[in-house]
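Okay, structure first, notes after.
The shown structure was predicted, so the numbers you read here are calculated from the model rather than taken from an experiment.
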Amino acid sequence: MTISDRTRKILWVRAAGRCSMCRQMLATEEQSADDPSVFGEEAHIVGRSANGPRGSEVVPDVDGYENLILLCSKHHKQIDDQVNHFTSDRLRSIKTQHEKWVKDMDLRAGPARFITDPTKPLSEKLELFTSGEGLWALIDGTLVIYPAWPRGLPEEAADAVAGFLDSVTDWTDVVGGVGVSHSAKRDAIKGLTSGILEIAQYGLIVGGRRRHCMMVGGDAEPQAILGADIEVQPFEALQMANDDAHSDST
């Protein structure tokens, strides 16, 4: 199959030279006298022939950019062998998500930083924590915490919330991850429980959810990491959410 240099350049830019499924690097930067080299495989979403993978579908331009996806050889073989799973709609979705991922991150620029992985959307709901056990299960092994709390709290309540959120970060820094004793993790759970109960005295509750992140920029390759949203909200927020759910069900 012959693909124009223009199409190759579009694939390089929009896919950042990476497999749209595993994000393995599939290209080299341009040299002083040469264009970039794309050594990945530009696969057809809808096959060129009726007998090819997903070939029964008709597309306006079978060799056009909209019908091509940049893949490593492993995933090119997989999508052509497993056509019932990798339908044309699924492949278009994979391609769109990958292009959004590239656009949102700009992998090759800027200092090292954490960003949300756009291919793994956040849950719309927060899990409510009334003790440290569930909260610790969420934050154990995370590398970045995204806190949120209401404005305009009385000074004592604001101090309690600040202390609680600091403790969340401190416990993950000290005893998070593997190789730590069970006793240390039990201490973390007890400490988080104390913090939850303390801010509850001010009519505040704690919710959280998993956040899939990427560490990008700098000199290192992009790396997937786990993060967590921790939100402190007034108890009335839980009541309003319950009222809304009840209204939707009636």
Side-chain angles (χ1 to χ4, degrees), residues 16 18-25 93-94 96-151 158 160-182 184-196 198-199 204-234 237-238 241:
R18 295 176 181 271
C19 174
S20 294
M21 291 176 65
C22 67
R23 294 181 182 144
Q24 173 186 342
M25 180 58 77
S93 177
I94 289 172
T96 298
Q97 289 177 355
H98 179 70
E99 289 179 351
K100 185 178 185 301
W101 179 76
V102 172
K103 181 180 178 181
D104 289 349
M105 289 200 305
D106 191 5
L107 300 176
R108 295 154 291 173
R113 61 200 185 277
F114 295 119
I115 66 167
T116 301
D117 187 341
T119 68
K120 297 179 179 179
L122 288 171
S123 169
E124 295 182 357
K125 297 182 179 179
L126 296 175
E127 182 180 358
L128 177 65
F129 300 113
T130 56
S131 72
E133 191 166 6
L135 179 56
W136 180 251
L138 174 70
I139 65 175
D140 187 16
T142 60
L143 294 182
V144 57
I145 301 293
Y146 294 87
W149 61 94
R151 296 182 179 181
V161 170
F164 167 72
L165 292 174
D166 284 344
S167 72
V168 171
T169 303
D170 290 344
W171 282 119
T172 56
D173 289 344
V174 173
V175 298
V178 298
V180 179
S181 70
H182 293 294
K185 293 193 176 186
R186 288 297 303 164
D187 288 341
I189 291 171
K190 293 175 183 177
L192 293 172
T193 297
S194 296
I196 291 172
E198 181 181 359
I199 65 174
L204 300 169
I205 56 175
V206 179
R209 62 187 166 193
R210 181 74 72 201
R211 181 185 287 263
H212 292 273
C213 302
M214 299 288 293
M215 185 169 65
V216 299
D219 297 327
E221 284 291 303
Q223 180 181 358
I225 62 170
L226 288 177
D229 292 349
I230 305 297
E231 292 194 13
V232 176
Q233 296 292 344
L238 176 62

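- Trp171 approaches Ala184 most closely through the heavy-atom pair CZ3-O, 4.5 Å.
- Rounding to the nearest 0.5 Å places CH2 of Trp136 at 12.0 Å from OG1 of Thr193.
- Every side chain to side chain donor-acceptor pair (under 3.5 Å) that Glu231 has, sequence neighbours left out, goes to Gln233.
- The side chain to side chain donor-acceptor pair (under 3.5 Å) check on Arg209 picks up Asp229, with sequence neighbours excluded.
- Rounding to the nearest 0.5 Å gives a distance of 7.0 Å between CD of Glu99 and OG of Ser20.
- Scanning for side chain to side chain contact (heavy atoms under 4.5 Å, CB included) contacts around Glu133 gives Ser131, Ile189, with sequence neighbours left out.
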Practice task
Would you sort out whether Leu192 and Val206 count as a side-chain contact (heavy atoms from CB on, under 4.5 Å), showing the intermediate values?
Solution key: CA-CA 11 Å; Leu192 293 172; Val206 179; over 6 Å; no
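- Side chains of Leu135 and Ile230 form a contact here, defined as non-hydrogen atoms less than 4.5 Å apart.
- For the atom pair CD1 of Ile196 and CG of Leu204, the computed distance is 12.0 Å after rounding to the nearest 0.5 Å.
- In this view, Leu143 and Ile225 satisfy the side chain to side chain contact (heavy atoms under 4.5 Å, CB included) rule, not counting sequence neighbours.
- Nearest heavy atom pair, residue Gly141 against residue Leu226, reads O-CB, 4.5 Å.
- Under the 4.5 Å side-chain criterion, counting only non-hydrogen atoms from C-beta, Glu127 is not in contact with Leu138.
- Across all non-hydrogen atoms, the minimal contact from Ala228 to Ile139 is CB-CG2, 4.3 Å.
- In plain terms, the two heavy atoms of Arg23 and Arg18 that are nearest each other are O-NH1, 3.0 Å.
- Every residue was checked against the side chain to side chain contact (heavy atoms under 4.5 Å, CB included) condition with Ala162, not counting sequence neighbours, and none meets it.
- Taken from CZ in Arg210 to CG in Leu122, the straight-line distance is 12.0 Å, to the nearest 0.5 Å.
- Of the possible donor and acceptor atoms, one in the side chain of Ser167 sits under 3.5 Å from a partner among the backbone N and O of Phe164.
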